[in-house]
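First up is the structure itself, then whatever we jot down about it.
Scope of the values below: all heavy atoms of this structure, side chains included, with no hydrogens, waters or symmetry mates. Counting convention: from 1, in listed order, for ligands and their atoms alike.
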Amino acid sequence: MDDTITLTVSLVVLLIGLAIGKAWERYKLRDGRWIDRRKIQESPHYILGLNFLVSNQIDLAIEELTKAAGLDAPALEIHLILGNLYRERGQVSKAIQMHQNLLQRPNLTTMEQAYVLLCLGLDFKRGGFVDRSFQAFSEVTRLDPGNQYALLNLEKLHEEQQQWQEAHAIRQRLADSATDGDRPRDQSILAFLENELGLQAVRERLSQQAIRHFETALELDSQTIPALLNLGDVYMSQKNTRKAISIWEQIIRTAPERSYLAFERLERAYRTLGQPNRFAELCQQLIETNPQDWRARLSLGQHFADHERSSHALDLFFESLVHNPHALAVHQAIWRALTTLDFDPVLVRRYIELTHDAVFYLDPHVCIRCRYRSTELLWQCPQCHEWNTFVEERIAPAEDATEDTDVQKAAV
Ligand SMILES: [Zn+2]
């Protein structure tokens, strides 16, 4: 989602640049007829339109730019922007129609064609026409092989259809042309794509190929946690428990805050080797290194509970609760342990006291502008100082969440 916004903003900025830059001049010369550009650039409609655009008031921007376009019908840039604005407002067919009309114009330069097609690709994508959007972006890369926006969009389309090999090839193209500053991010994305290719090989039961992909992912970025988890799984399925353990233990060294992702696997593997105590040692070591680690306490507690040491387990759950009172997993573990201990009143009282002191949002509300949280409905946000931005915070299933966001956007 963020990527889309960044992309849209970049595109709008790009188009504004185009509008007031060289293309403007070139267009005038090519048409060979005199249009008083100063008149348009100084026209209040054009300037107001751009201002509304910058402040994201799309309806008003459309209104002003439409008037500006009336002053200068051939102005490609204004029509391009207008089409984009219709798309942003959800009027996809209108956007498609505008951009397709532009494409029919004679004498478009290659770059102008590429930009119109890029906009058309975004229209199709927004409208859910995957194949046509794919065609448009591909055509852009044919006309302008280094076009990053088109490449990024093609990559996303491949990812959505789980075409990992194709997505990887495009990311490689982007990486090859990137500056040094972008390299770590490209490497990291390539590593995640390698990991997906590895999973695909696992599904096809091609273990050696899977291992190669996971190892490549880790060479690209040693912090690719899913590749470590999956590589260990492959060795485990080959009954190579020691190798699996050594790979999962790498997570503890390279990204201790993610160690918990390997807990279940490691506990099982240590047990397979007949060394269940190694799991307790591992958790204790993590707690020593990071006293805030509530997950290691929770897992160690669960480990004790499984070995019928409920009272010892409960101590650890209580400690875990102090560090993260919001984790329902901790409360559930406590309820189970209390059940086993027949709800010993002393322990129940201790539980209530611990939760009483914790900072909870009794009735959680959140600012939709800056995500500031509050326990009550506020009319002005203390963080971003915006008015009337608080909504009740509810955790909804992903589909509903998208709808909610749209409703919230509409409300703002
Ligand atoms: Zn706020």
Side-chain angles (χ1 to χ4, degrees), residues 1-17 47-65 81 84-92 95 122 125-126 149 152-153 156 181-182 184-185 188-189 255 257-258 260 290 292-295 320-331 354-412:
M1 193 64 199
D2 275 355
D3 275 356
T4 321
I5 294 169
T6 319
L7 207 73
T8 314
V9 170
S10 316
L11 199 65
V12 166
V13 171
L14 195 91
L15 288 172
I16 294 173
I47 291 161
L48 273 171
L50 290 187
N51 273 323
F52 285 132
L53 195 58
V54 170
S55 61
N56 212 15
Q57 291 173 278
I58 293 184
D59 289 352
L60 292 169
I62 288 180
E63 202 176 298
E64 295 303 329
L65 289 175
I81 298 175
N84 289 346
L85 291 175
Y86 280 120
R87 180 182 65 239
E88 289 310 303
R89 208 166 65 167
Q91 290 169 276
V92 176
L122 292 169
K125 189 179 164 195
R126 177 73 185 259
Y149 301 110
L152 277 170
N153 274 290
K156 288 286 160 232
D182 290 333
R185 176 152 171 79
S188 162
I189 293 173
E257 72 286 356
R258 296 270 189 249
Y260 70 94
N290 174 20
Q292 311 284 316
D293 192 336
W294 64 277
R295 291 183 192 272
S320 181
L321 185 72
V322 172
H323 291 292
N324 187 359
H326 291 272
L328 189 59
V330 179
H331 292 278
L354 281 173
T355 52
H356 186 265
D357 293 337
V359 182
F360 282 108
Y361 295 101
L362 286 174
D363 183 8
H365 287 75
V366 63
C367 169
I368 55 170
R369 269 184 78 107
C370 72
R371 310 298 298 169
Y372 181 88
R373 283 150 175 257
S374 148
T375 209
E376 57 181 333
L377 180 67
L378 300 176
W379 299 116
Q380 189 179 23
C381 175
Q383 184 164 284
C384 71
H385 305 290
E386 200 52 58
W387 290 99
N388 204 13
T389 51
F390 276 83
V391 294
E392 196 179 297
E393 188 180 35
R394 283 205 229 166
I395 299 167
E399 283 177 20
D400 291 355
T402 330
E403 281 171 24
D404 283 350
T405 318
D406 286 341
V407 170
Q408 284 167 358
K409 266 189 201 156
V412 179

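- R373 CZ: 12 or fewer foreign heavy atoms inside a 6.0 Å radius.
- Here the side chain of R295 pairs no donor or acceptor atom with the backbone of Y260 at under 3.5 angstrom.
- Within the protein, the N, O or S atoms sitting under 2.8 Å from the Zn ion (ligand 1) are C367 SG, C370 SG, C381 SG, C384 SG.
- Other residues, nucleotides and ligands place no more than 12 heavy atoms under 6.0 Å from the CZ atom of R258.
- L53 contributes atom CG, which lies 11.5 Å from atom CG of L60 (distance to the nearest 0.5 angstrom).
- For H331 (side chain) and H326 (main-chain N/O), no donor-acceptor pair under 3.5 Å exists by modelled atom type.
- The two residues C367 and C370 have their closest heavy-atom pair at SG-N, 3.3 Å.
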